[in-house]
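To find a chain, count down the sequence lines: A is the first, B the second, and so on, and within it residues start at 1. Side chains included, hydrogens not; waters and symmetry mates left out as well; all remaining heavy atoms used.
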Amino acid sequence: MTGSALLFYVFGALALASAVLVVTGKNAIASAVYLVVAFFNLAGLYVLLEAHFLAASQILVYAGAITVLILFVIMLLDVSQLVRLQGSRNAIARSLGIVLAGLFAILLASQLAPGEVGFPEKLPEGFGTVESIGDLLFDRYLLAFELVSVLLLAAIVAAVAIAHREGESTP
Amino acid sequence: MNDLHLFAIYPQITLGLGALLVLGEGLVFGKNRHGLFLITTLVAATFSLAFTILSWKTTANAFAGAVILDPTVSALLAIVSVCTLLGALCSPAYANRHGFEPANYYTLLLFSACGMAFLVSSNDLAMAFVSLETLSVCVYALTGYRTRQDASTEGAVKYFLLGAFATGFLLYGISFLYGATGSTNFSEIATRFAAGNMGPESKFAVIGVGLLLVGLSFKVGAVPFHMWVPDVYQGAPTPITAFMSVAVKASAFGFLVRLLPHTLMGLSDSWVPILSALALLTMIGGNLLALAQRNLKRLLAYSSVAHAGYLLLGVASASKLPDQADAAILYYLLVYSFMNVGAFAVLLTLNSPARERNNLSDLAGLSESHPLLAALLSLFMLALAGIPPTGGFTAKFYLFGAALRAGYTTLAVLGILSSVIGAFYYLRVVVALYMESPTRPVSNDPAASAMAPRGLALAFAVLLCAVLSVELGLQSLPGLGIFPSYLEGLTDFLVATR
Amino acid sequence: MHEASQIQAQWLLLLPLLPLIGFAVNGGAVLLGRSLPEKRAAAIACSLVLGSALLATAAFLRVLGADEPIHLVADGWHWIAAGRLDLPILLVVDRLSGLFIMVICWIGLLIHIYSAGYMHGDPGFGRFFAYLNLFMFSMLVLVLGGSLPILFVGWEGVGLCSYLLIGFWYEHLPNAQAGKKAFVVNRIGDFGFLLGMFVLFWAAWKAGAPSLEIQSLSQFIDEISVQSVTLLGVPVRLPTLAAFLLFIGACGKSAQIPLYVWLPDAMAGPTPVSALIHAATMVTAGVYLTARLHFVYAASPVVMTIVACVGAATALMAATIALVQNDIKKVLAYSTVSQLGFMFLGVGAGAPAAGVFHVYTHAFFKACLFLGSGSVMHALANNTDVRIMGGLRKKMPHTWLTFGIATIAIAGVPGFSGFFSKDEILWKVWSSHTLFVPPIVPGHEALTHLLPPLLWSVACVAAFCTAFYMGRVFLLTFHGKSRTPHDIEHHIHESPASMTGVLWTLAIGSILAGYVGVPHFLGGHNRIEGWLGAVLGAVHGEESATIVHEGSAEALLAGLSSLIGIGGLALAWFFYIAKPEIPGKIAGAFQSTYRVLSNKYYVDEFYEAVFVTPVRKFSEAALWKVADVQLIDGLVRGAGRASQAVGRAFARIENGFASSYAAAMLLGAVLVAGYLALR
Amino acid sequence: MSVGLHHYLLLSALLFVVGTVGVITRRNAIVVLMSIELMLNGVNLSLAAFSRYWGDGSGHALVIFSIAVAAAEAAVGLALLIAVFRNRQSVDLEDLNLLKG
Amino acid sequence: MPVLSIILFLPSVTAVAILLFGRGESGASIARALALLGSAAAFLLSLTLWAGFDAATAQMQFAEAFRWLPSWGISYRLGVDGMSLLYVILTTFLTPIVVLAGFSAVERRVPLYMASLLFLETGMLGAFLATDLVLFYIFWEAMLIPMYLLIGVWGGERRIYAAVKFFLYTMAGSVLMLLAIVALAYLHYESSGEISFNLAHLLRTSIAYENQRWLFGAFAFAFAIKVPLFPLHTWLPDAHVEAPTGGSVILAGVLLKLGTYGLVRFAFPLFPAAAVTFAPWLSLLAVIGVIYGALVALVQPDIKKLVAYSSVSHLGFCVLGICAFTPEALEGALYQGLNHGLSTGALFLLVGVLYERRHTREIAQFGGLAKVIPLYAAALVAVSLSSIALPGTNGFVGEFLILLGTFTGNVPKTTYMAAGAALGVILGAVYMLWTVQRVLFGPVTHAVNEKLPDLTKREQFYLAPVLVLIFIMGVVPGPFLKTFKASTKEFLDRFSKTAVLASLPEADASGRAQVSQILSKWKEDSRSEVASADSASK
């Protein structure tokens, strides 16, 4: 087992474990923290995949921005413990959901498992670097990239419109 | 870059710039210049429509193949522009009444329209993904725009959470499609699949198609991915319901048509059966579910699910005869826009600050107090039911015609029978309007609101929808197999004088 | 079959048209709410009928004057023309129809005149005459119709008039019910008539001459009679089928078993109506039809035999019922049924001429009897129960005398018209060669030989009963002590001259009418038989050689039948005048028989219980409430309800929880993935 | 044995499914949002793996877009949750069933 | 001059005018006057059609056509031939009468009522006149809306149930027909390379047996619902009972005829091989309907329901006549359609008169009316006589021809069918006369009825033409029957053995074999007729 393989299993196991903890965590803050852990491990996996820029973005945006935002809202609303875990009125759908998720996992895995496909040894020059990604974003994905700015602007407007109380003067 | 072909995205740019303009106006002139924002929006939508028409028969491939322009895209762009126009026209009275902050409202409306316009013209997975999210994010926000109303925010949260959930599937599908082909460009993907003899990737393609179908089924509201539809339609502010019931549907179907029959034709063995099953479930499920509804918005929501089913049948047919089925789908979407917005617009006309009249029982006896509105609402209902001589009939005729032609006889039979169930609940509305006596005294304010200046916009929307709902039934000359021929003539005229 | 020469006579169209004008005038006036004054209404009606009568006489004389049978023909527009069928309006007078129109018009005229007195003061006077005229029209169309559908027009027309006239006093519900019953029972017969007509047309078409014209049918009868089809696996000759079906029609119109039940009830109508329609003319239409289509019947001896048997059975059955009825009109009604049975017996025995002869004589004496009874009712405030009559002889001498003459005539006392015709029938039955039992019946040969004497004896018993009950009625009504309640009694008066005059005319007719058919053995030439025989196929024509030879037998039988008639009357005298206590004793001794007879064999009750009630119950309970509402419509409504229920059930899954929605989406995803993975 | 595409894909699938389980089972809307982020991350991993497989940067670009989208969605979603919270003092999804049927 | 289009749209234009001008205080009177004018004008115009009609040809006359949706092969195409001429006139004839009848019967929302009637007239006329299948379908379906309103707005207690049932029932049948129309056009396209919905073109298409059967099934299903053929009739009693008088008259008078008309115009000629296959079954249903309808009518306590079931019975005769493939029966069936329109229409008008006075339709509520309202009684008796097909009335001509033609027809077992249907002649008399007796005769059982006013002048005015026609058509049916001849001949020519086989493509060997097998069971002696038709056509 090569080093990278070992790292894959370590990062993978940690990511998966923290993901499970996110989902099962009793406390929203704990979940958020586990989420960060998962993100870091994923960043590690990105590195293994030669996606260095992605790894950086992952940490900056996901772990840095999004999770912080989520934590911030949790604190703001003080809803970390708010949700009772017992007495669900929709237990059937939940348990059914778990079964279905299991089925889905099995089906997905059954399609993916057989037949090992390896990675090519050789990678093009500059794969995963900022430059190469930048080239793509400003050439091939220029329009999409520009559209992302629209998206983000729209999201800001939306967030302001919704969260800003004065948005609606009289009911 | 020589192959930018910027003209191909003039409509999209117009819509986006319009949004920025409204935003800027809000900053400059203050946030309550409702009329200004409305006019800006209308102008943007109109220009977008005009640009679409000007480049009507043009085919282009712009931004390194990220977007394309062809007749189908033009038609979809026109539909999106028209829907935006109608949505904006429906808005002012309602927005005023509920004290919406107009600048952000119209900004979001235009941004979502921009997203839709990009979605229907995108020729690249990344492009499609981003534009889809752009429109979704805006529509989530618009759904929850009545922030003080429980229903609105609840609908928005459900929409958002489930939408994001679906986005996960969609993106996963995109990922597998990319994994199967190594490309995100539709043309390249299509070429790859058409070439056949793929290696281990072929399995990825199938997985990708399945996941994409899941994600898109959510967006178009196919059974069993439809469950958000009634809650969101009911919760959303009515103008937004009107807008998204047609615009989101049109753009999502535009994308579906672009993706499945055009791009993934090589995989039709995988998706056609699924799509057929979805179509069947959706047609029957939507109609059956609508039967139990008493709230008109909810009823129309389920009805829109049913219509999605018919359209899905069209998409399935497009696997066999793309041209004819595409035309039928586009025609259907166009007609559907008018008749559905029309129905919502009438509801909006009936709303008053005191009371929203969204229940069937609220409509009782309306034909005596508001004969014209009752007649128009009945017209839209009959159109939705597909009764000639309305556009609803013609649209169904083309669509089921295409399905039959493509060999989906059983589906067509079951679908059209389910439309008989559909007729029942549309007729329920007519029953309430004409055959029941009012349960509560009818207040007079709707008439008053119709007289107000901003009510004028709404009245215009209603009349426009009514005229076109009928016109498309009677005239409906598909030039390009898509649009009435005089529209074609108009385009020629404009192009000639340019 | 000789080819009768045809003579165009468009004026024949006037014959039915005149009464139709009368109907239009009187009916129109009534409808417009301005009924004509009685005198004028009656004058119009009577004069138009007189016109018809004169025309009829002219036509009859024309036919009579010709040595060979001739056809006077009038035709009008093409009534129905479609496909193979072309039905022009066509009226024909030949010897048969000539005789009939004479009877119809003249007796009709007499009854019109009689009615003018009888209906005096009735608020529906104008309406009554309108109906009567309409009847005259229909009856004339029936008789003159040169093709079966035209005949059918008259056939149904008289049915309609009968319906309208029976229910003339519709405020009294039983009258209306009786009218409806008459129409409906007739319709059952019409069902047969229609089908019979179709069969004939079918046969004619197969024979290459698709037509329903009687003349054309008779021309091609040889080709037609060989046509056959397989019905339910049995080969059937079409003429046999047609004859049978048409006989069902005749049974309806002429009140034969099993369709006679309407006629007694029909007495609910005004008495002139009973006389005209339900005695003299309409009810004989069945006989007329059978005679008219004698060539079809001649081609199907089995049906002939059935006709004869039914006729005999009806004659006997009705006569026995008449024995014990106390309603004077009911007795006359059953008597009519019985006499009609005789006519059919004659026709069925292969002697249509004899049957028609009886129709002709019967018209006189039965009309006379009815009108006489009408006269009595007129005097007794419309009472018809013989038990409250008696001793009217003195107070109503004209009525008494005419009624008596008619009674003697119907009883078959020699010298009176009834004797000649009835005796003729009895003789023809006795000597019949056409009665034939089909080979499928075991012992058919013996039966075939046995049938004539058997039918003859049945007829004799019936004739005896006839004489007896007629004597009974006559005696109970006019002789003995008056049993009339006092309040009515002092009203009793002889009827006005317009009525008695008619009675006398008919009474004289009842005596003299028979002399056109004096049999050979009495030195007569039986002219009517020969005369009619020429057009009615002269079934016995070739027997002229044997007439002399069999003359003695005929005379013997005639003597017997005279004895029967006189004996019956004498017995009645003995029972009701000499020993009036005997009938009660007999009734007491044979209580059950008496009850059965006075309840008319419970046939009405039987029909009610077996057909009417079950059909109604079945229709209501099974067809409507179960099959229609619950089963067929239930399926429809069930589909609707099921859709709604399913919709509601699914709507319940839509429970508002985002997790459910997500689960549903995941379910969809699993299904999609499952399909893709497992396909 | 070397770690290949399939390993990454399986891992990404597991992450995705864990996310879906979270979406369905959790009642706290914020946790649901986090679960969705997990799903998206699972997808991102597969994209990166495919990118590595093809030696092509498009996958990376897609991940970038995905991250941006996730950010935008989080912003709007959290804003909506705040609005809901203001109305009902709850972000329990089981309280959000005014609309149903 | 596009006279057909003028007749067709004149009522609609009037309806629009009514909606525009029929407002305010005098709206009702304006609406009434306009409606009467418009419908009467349409009637007079339609008479010119008859005047200019050439009975010698089976061609579409007064034909109009322009390409409407060329890329879909849909054209606006109108024409009349012998099969439709009299039905067009029946429609235009009944509408003014119904308008008149509605003068007093309808007090609420008069303009809407009149407009609905007139729109309905356009719908019905369009369905009779259209010779393009899509155009036909449009009118066929559009017609439902005004009828739906007529029942639902001005109907009785359960009007909504009845209206919705009527609409959905009919629609369920017709949507399948729509699919069949489209499929037919595609089959035509495949064989000829041009897309067309023109009836004349489609009639020339040869269609495989299998397809013929399916398509015929869809067409026949739609039409059978409209007829209504047993067991698809259950919408009719509800619709009739609940509809206002005018609605019932139009429904019985014209709408049902569209069912039989559709069979002879479309379903049978388009798919001859399927028609000969299914005709015996259709006749069986028709005969069941004749008897069943009559029996159920017998026990109805509600007079309108009774008439409704009687319609099931009468229309059974029509279908029977169509399925016999003889000229007599077919002409009889067409004629019977007209008769039923008049007599049942008149019956409903008369029931409406009573309803207006007493607001009940229960037979038990009446009795002895003949004395109180003699004129009415006379009219009711006359109409009943037509209904029970007394010779001298129109009803007889129709039933006689149908029964005669069916009895001697070619189709196996047709003789039994005719014999069974002839039972309906008896039953018809039973229920009709029983009803007449219960309503008119006997003593006056309810004191309220003592003072009923007799027919008013207006009522007399609109009833008189119907009554007069009933007798004219009974006595002089010639001019009416004459118009059918050429078209019926053309129709029947399509059902000669060779023609039926020619409707199947050469390649469809098994289909041809099956159809030959079926045709061989037809009565041998009918060949003479068929053979002569064949030789004549060659």
Among the options B/L20, B/I207, B/L211, pick out the one with the most heavy-atom pairs lying under 4.5 Å from chain A. B/I207
I'd like to verify something: which residue of B/L23, B/N185, B/I9, B/L108 has the highest number of heavy-atom pairs under 4.5 Å with chain A?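 Between B/L23, B/N185, B/I9, B/L108, the count favours B/L108.
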Which bit of [X] comes within less than 4.5 Å of chain A, counting heavy atoms only: side chain, backbone, both or neither?
{"X": "B/F204", "answer": "side chain"}
{"X": "B/L110", "answer": "neither"}
{"X": "B/S131", "answer": "both"}
{"X": "B/L135", "answer": "neither"}
{"X": "B/L142", "answer": "neither"}

Among A/L42, A/L45, A/N41, whose side-chain contact (heavy atoms from CB on, under 4.5 Å) with A/L14 holds?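 With A/L14 as partner, side-chain contact (heavy atoms from CB on, under 4.5 Å) holds for just one option, A/N41.
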Positive for side-chain contact (heavy atoms from CB on, under 4.5 Å) with B/P11, one of B/V120, B/L69, B/L77: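 When B/V120, B/L69, B/L77 are each tested with B/P11, the side-chain contact (heavy atoms from CB on, under 4.5 Å) holds only for B/L77.
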Distance-only polar pair, side chains of A/Y141 and B/T184, donor-acceptor under 3.5 Å: yes
In terms of side-chain heavy atoms, does B/S91 have a donor or acceptor partner in B/Y105 at a distance below 3.5 Å?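 On atom types as modelled, these side chains qualify, holding a pair under 3.5 Å.
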For chain B, the option from A/L143, A/V148, A/L152, A/L153 that forms the most heavy-atom pairs under 4.5 Å: A/L143
Point-to-point distance, once rounded to the nearest 0.5 Å, from CZ of A/R140 to CG of B/D124: 7.0 Å
Heavy atoms only: give me the nearest B/A236-B/I240 pair and the separation to one decimal. CB-CG2, 4.3 Å
